[in-house]
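A note on names: the letters A, B, ... follow the listed sequences, proteins ahead of strands, and every chain is numbered from 1.
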Amino acid sequence: MRMSQAFIPTLREDPKEAEVASHLLLLRAGMIRKLAAGIYSVLPLGKRVLRKVETIIREEMDRAGALELYLPAVQPAELWEESGRWAKYGKELLRFQDRHEHSFCFGPTHEEVITDLVRHEIRSYRDLPRCFYQIQVKFRDEVRPRFGLIRGREFIMKDAYSFDRDEAGAEQSYKLMVQAYERIFTRMSLDFRMVQAEAGNIGGNFSHEFMALADTGEDLILFCDACGYSASQERAEVGKTDPPSAGEEKEAPRERVATPGQRTVEEVCGFLKVEPRKLIKTLIVQAQGEPLAVLIRGDLEINLNKVKRHLQADSVELAEPETIERVTGAPVGFAGPVGLKLKILADQSIRGIARGVTGANAADFHFINVKVGRDFPEPEYGDFRLARGGDACGKCGKTMREMRGLELGHTFKLGVKYTQALQATYLDPEGKETLMVMGCYGIGVTRALAAIVEQSHDQDGIIFPLAVAPYQVIVVPVETADDQIREKAEEIYQKLTEAGLEVLLDDRSERAGAKFKDADLLGIPFRITIGKRNLAQGRVEIKRRGEKTAQLEPAEMACARITELVAAARAAEKPGDKTIDE
RNA sequence: CGGGGCGUAGCGCAGCCUGGUUAGCGCGCCUGCCUUGGGCGCAGGAGGUCGGCGGUUCGAAUCCGCCCGCCCCGACCA
């Protein structure tokens, strides 16, 4: 492609709306433009990259035996009512009506539609297993779209759905997808980790996230270097830690002290001059409407997912102030376990506290010197805390590290959640109606593009991995007015293109500096520079984007050399088959 | 939804507090010359509902009210 014919509106200055690298550089490189909050146009250069990302995904999904199809983006409300999600999904679901006043939504995901299709079309065990996928635009009306393509409202997603005869088959399908995912992200040269995850809105009983490591990532991931355990913060289990104060301090009689207006951990600690870790924080939660108390050390945060899992409840949320007042007899901020007539769960962190501080279940009063087991019965212990770096690993007890991550993909073992709701059954060999067992697997395609840029850029712009670069080579004639230079550039451009490479020829009559700046900004992996002095000696310059120095090559060797370099770089990016089978 | 910030030319900004000819600057864009190894120089030029509506005033980009949009933090979330 000749740059004079292309449409690559690069920006010299930073658009003020962009703060993170991927957003900024994709805008500056002329790959995307914003239409509205969280809604972007993808320009030709960006589209080329996106297509490459999609191609990698297609190749690996096909290799895993998944079948590509295309499902409607506009979906009838009835289907969502059948699965129960019309009521449950909330405001993220964009709903609207057609001219007949029938309700529809713009699909944020496609479990309902695919399950509907499959229940009508698959009747026999002979037709199973099957895995379908599509690459398509989704819409989720996010509360807060941000960071450009990282969290858009409209975005492109690859979603796949597997249907199996039984749990064992579903596990096999899941494994296949996980392997495909590892190959996909490896081929994109992404630095990623697969972590255990919470299933969230999609549901199901088992799930992993694929996280690109990035400081701008919105999620925290926890790792254990010792045993390899890795999980999202929402999910990460924390091992038993030593009792924080047992043995250190003698017990003392419990006392009721006035703490007027001191509600938060911070306030109470300031007022009573104690460390947050001496506090026993008492949270009133509701599990399916049923109130109960959860205790946790004052310096820690609770993870309601863990409470939910422990109780095997469908929903667990913090109680409303009215409920708290009703069950504790005190306004918010003064709840405590002493004398509380509720089921009490406790995080391991409060085990053995001998002189703790708790609310007194009375306005403006706290207890000090509270001893667990003496002043209130030993509660039901569990792991309910939000994991942080430095916490003990839930598997081996060694210390975990935390890192920021950007969710690229999410895999779920759904079980029969949707097949049951929509009655997707098949006849087994004995002629018995049986529910299909389902899995679903998503990849944020547009987000993957953002993640690649996030992980691979420098001061000057993007550094695209070869596999997804919009063009592999950019040919830069330094003086377009010079016939010799122009002709040589033209010749190299033609030859490389004929050799099957994707080449951009900067035939604009810009100055060298401007061309170099743009070439760097766009992140094209290889640059061939043709200048007067070198050409006089029959040489041209070859430079790899991201490397400081360039190599001089005889002009007639340039094409062969580039072809060689591209092939070598391509090979280096390929996933080794070995790394996949762990 | 809570907190903070912003909306003036394609992009980045000044002007607003303290109302007053024709609303400025840099970059980009167009024309010409010059130049050509890291966004060069010179000359000329085009481009504006000052986010919208309403109000105050002789007069509003500027003051007041309402609304809309965007960005950041938080809550939330695949």
Side-chain angles (χ1 to χ4, degrees), chain A residues 9-20 23-24 27-28 30 33-39 85 88-93 107-111 138-148 150-153 155-159 197-204 207-211 216 218-219 232-234 304-305 317-318 405-412 414 440-448 459-461 476-482 485-486 506 508-521 527-536 540-541 543 548 550 552:
Chain A
T10 57
L11 302 175
R12 197 166 164 164
E13 283 170 283
D14 292 347
K16 70 168 175 186
E17 74 208 51
E19 300 226 332
V20 304
H23 190 194
L24 188 75
L27 283 168
R28 281 197 57 203
R33 288 292 183 263
K34 184 179 71 186
L35 179 64
I39 303 181
R85 285 207 290 185
K88 253 181 131 176
Y89 211 96
K91 285 191 180 166
E92 255 185 44
L93 187 63
T109 174
H110 280 70
E111 284 80 14
K138 305 280 194 242
F139 193 93
R140 295 183 188 174
D141 202 354
E142 293 286 345
V143 230
R144 181 140 112 80
R146 59 181 141 181
F147 304 146
I150 289 179
R151 179 168 296 274
R153 292 193 292 171
F155 59 99
I156 299 172
M157 187 177 187
K158 185 285 303 180
D159 46 327
E198 280 296 333
N201 230 343
I202 304 289
S207 135
H208 288 91
E209 286 170 336
F210 289 77
M211 299 285 206
T216 47
E218 297 182 276
D219 301 306
S232 69
Q233 187 186 32
E234 292 170 329
L304 289 179
N305 291 313
E317 54 218 17
L318 288 173
L406 187 55
E407 184 185 345
L408 296 165
H410 203 153
T411 55
F412 303 84
L414 294 173
C440 80
Y441 319 92
I443 291 179
V445 176
T446 28
R447 186 183 277 184
Q459 288 294 327
D460 298 316
V476 179
V478 165
E479 285 174 63
T480 329
D482 184 310
I485 290 177
R486 204 181 54 237
D506 196 344
R508 301 172 302 169
S509 57
E510 293 288 340
R511 295 175 61 85
K515 292 186 181 185
F516 293 152
K517 287 284 184 195
D518 272 344
D520 287 347
L521 180 59
R527 187 178 87 195
I528 303 181
T529 309
I530 301 145
K532 202 175 220 164
R533 198 177 313 155
N534 288 325
L535 192 60
V540 300
E541 191 182 283
K543 185 173 175 295
K548 286 212 173 61
L552 285 176

Would you mind telling me which residue lines up with the more 5' stretch of RNA chain B, A/Asp14 or A/Ala481, judged by nearest nucleotide? A/Asp14
Under a 4.0 Å N-O cut-off, is there an ion pair linking A/Asp14 with A/Arg28? yes
Any N or O donor-acceptor pair under 3.5 Å from the base of B/rG38 to the side chain of A/Asp460? no
B/rG26 base to A/Glu13 side chain: any donor-acceptor pair below 3.5 Å? yes
Of all the choices, B/rG7, B/rA78, B/rG38, which nucleotide is nearest to the side chain of A/Lys16 once you look at every atom? B/rG7
How is A/Lys515 classified with respect to the nucleic acid when contacts are heavy atoms under 4.0 Å: base, sugar-phosphate, or nothing? nothing
Would you indicate what A/Gly442 reaches in the nucleic acid, counting non-hydrogen atoms under 4.0 angstrom: base, sugar-phosphate, or nothing? nothing
With respect to the phosphate group of B/rC77, does any side-chain polar atom (N or O) of A/Arg144 fall under 4.0 Å of OP1 or OP2? no
Results of ring pair (Phe, Tyr, Trp, His ring centres under 6.0 Å) for A/His23 - residues two or more places apart only: A/Tyr40
Look at A/Arg146 and B/rC73 and indicate whether a side-chain polar atom (N or O) is within less than 4.0 Å of OP1 or OP2. yes
Base, sugar-phosphate, or nothing: which does A/Arg527 touch, judged by heavy atoms less than 4.0 Å apart? base
Please evaluate the base of B/rG37 for a donor-acceptor partner in the side chain of A/Glu541 within a cut-off of under 3.5 Å? yes
Test for a donor-acceptor pair under 3.5 Å between the base of B/rG37 and the side chain of A/Asn534, counting only N and O atoms. yes
